[in-house]
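Remember, it's 1-based here, ligands and their atoms both numbered in the order they're listed. None of the values given here were measured: they were computed from a predicted structure. The residues of the chain are indexed from 1 along the displayed sequence.
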Amino acid sequence: MDCFRIEGPTRLAGRVRINGSKNASLPLMAAALLTDDPLILRDVPDLRDIRNMASLLEELGCSTSREEDGSLHLHVTDPSQSHARYDIVKTMRASICALGPLLAKRGYARISMPGGCAIGDRPIDLHLRGMRALGAEIKLVGGDVVATAPRLVGTTIFLGGPFGSTVLGTANVLSAAVLAQGVTVIESAACEPEIVDLASALTAMGAKIQGAGTPRITVEGVESLSGADHRVMPDRIEAGTYMIAAAITRGDLELENCPYDSLLAVTDRLEVAGIDIALTDESSDRNRAVVRVRAEQRAKPIRLTTQPFPGYPTDLQAQMMALLTLADGNSVVTEKVFPERFLHVPELSRMGAQLFRQGATVVVPGVERLVGAPVMASDLRASASLVLAGMAAEGRTVVQRIYHLDRGYERMEERLCPLGAQIERVDDATLEG
Ligand code: EPU
């Protein structure tokens, strides 16, 4: 199994291009099931989760191919198979994205129920509530959700849950409503930029959608959708991770293709922590901007609460916590989206961080230095936080189970090393002692 061997401390400097968004790509890929025509997606990152979604689509009769220019071509050739089996769903929860498109286009979907995962329970009750409201009959058969509806019918659906809106739940209901009969209103819809990106691709396919990016989305169902050629938005979580990487190494990075306006809650917190962030060209597209991130001093402590968009994203909580372990004072981090998402806490502590957790809050009295140690990646974003901590720590850090990181970051070591990091990917069987 691969691990990262990181030597620190290092300082990052230079330019890095942000890839297309993983979390936008997954529901966009599932949208290929909504049409008989080809769907072309550009800037889809080459990641394990994306390959898993492609395998799932193949099983559902949708051919997938990556062309030389990097674009992903998706085309349904055999609509007879509508069963997403456990073997694939267990590798990737986002398989649930196929539910809405299958139901809307084929009138039938059978999707293995996703289990819990390292960051919490992750129920799908809101997805199912949405499909039922659109008229689907839903049963649980042998661990699979079996949904049927000869034709979905539009209605008003409240999609809020105990932790606020749901991103993939909104994507699923939106993708189903585009082919429903009549008008659907989704109230308490997720406002994440990935939903706006999905709505813009669906609109290019012929859907009639208003209000994407606000808590109320209105969809007027159409009879059929065509194909489209869509460029995926840049990955705001990858961009935020590299911003924090610049900050924790007291470096100087320029991020190209950076979705600046989707990261305002993050740049706000970084600026309060004393990090210098600037658009290099104010007149450029603010969602594909060049952004310079510089840190000359030790970070100042901050208070941070994760929230659905436009609040601070849960997917950047672990990385920011790595930075705060080295801040000059006491920080407080509260997780309001996935209250159990703290698997990085014991691992950062192994590197000398001071972290005191009480429920969904962690108090972080900053220390002057972190010390390299063997640590274990346990989920995607926790792994990223350990890599950042490893680059700032003194000595050698070995991050095991790096396959979690590979689910969401394309060859992170190959992108960080030219910027000054010292990271080697090695097979952990070859490590001494
Ligand atoms: N929730 C429910 N019922 C549901 C669905 C969600 O109670 O039916 C709860 C969840 O348990 C959680 C909250 O609602 O407490 C928000 O979950 P959400 O549904 O928004 O999460 P998701 O759509 O399953 C996506 C991203 C996650 C990201 C969250 C929150 C993808 C593929 N995944 O998940 O990304 O953390 O939104 O922003 O888009 C990651 O990339 O590392 C990752 C985990």
Any nitrogen or oxygen of [X], side chain or backbone, less than 3.5 Å from one on ligand 1?
X	result
V337	yes
P162	no
T166	yes
L126	yes

Is there a donor-acceptor contact under 3.5 Å from the side chain of E254 to the main chain of V16?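 Side chain of E254 to backbone of V16, a donor-acceptor pair under 3.5 Å: no, none is there.
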
Pairs where residues 168-191 contributes a residue and the test salt bridge (charged side-chain N to carboxylate O under 4.0 Å, His left out) is met, not counting sequence neighbours: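 Output for this query lists E187-R216.
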
Residue and atom name of the nearest protein heavy atom (relative to [atom]), distance in Å to one decimal:
atom	result
atom 17 (O) of ligand 1	F338 CZ, 3.7 Å
atom 25 (C) of ligand 1	V167 CB, 4.1 Å
atom 11 (O) of ligand 1	P123 CD, 3.4 Å
atom 30 (C) of ligand 1	T314 CG2, 3.8 Å

Which option, D125, I96, D49, T170, owns the non-hydrogen atom nearest atom 3 (N) of ligand 1?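 Looking at heavy atoms only, the winner is D125.
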
Pick whichever of R129, E340, R122, E238 has a heavy atom sitting closest to atom 34 (O) of ligand 1.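 When every heavy atom of R129, E340, R122, E238 is considered, R122 comes closest to atom 34 (O) of ligand 1.
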
Is E59 salt-bridged to R85, going by a charged N under 4.0 Å from an acidic O?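 Yes.
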
Using a strict 4.0 Å threshold on nitrogen-to-oxygen distance, state whether D46 and K22 make a salt bridge.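 No salt bridge links D46 with K22.
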
Residues two or more places apart in sequence or in another chain: which of them pass salt bridge (charged side-chain N to carboxylate O under 4.0 Å, His left out) with D229?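 For D229, the residues satisfying salt bridge (charged side-chain N to carboxylate O under 4.0 Å, His left out) (neighbours in sequence not counted) are R42.
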
Quick one: does K22 get within less than 4.0 Å of ligand 1, heavy atoms only?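 Yes, K22 has a heavy atom closer than 4.0 Å to ligand 1.
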
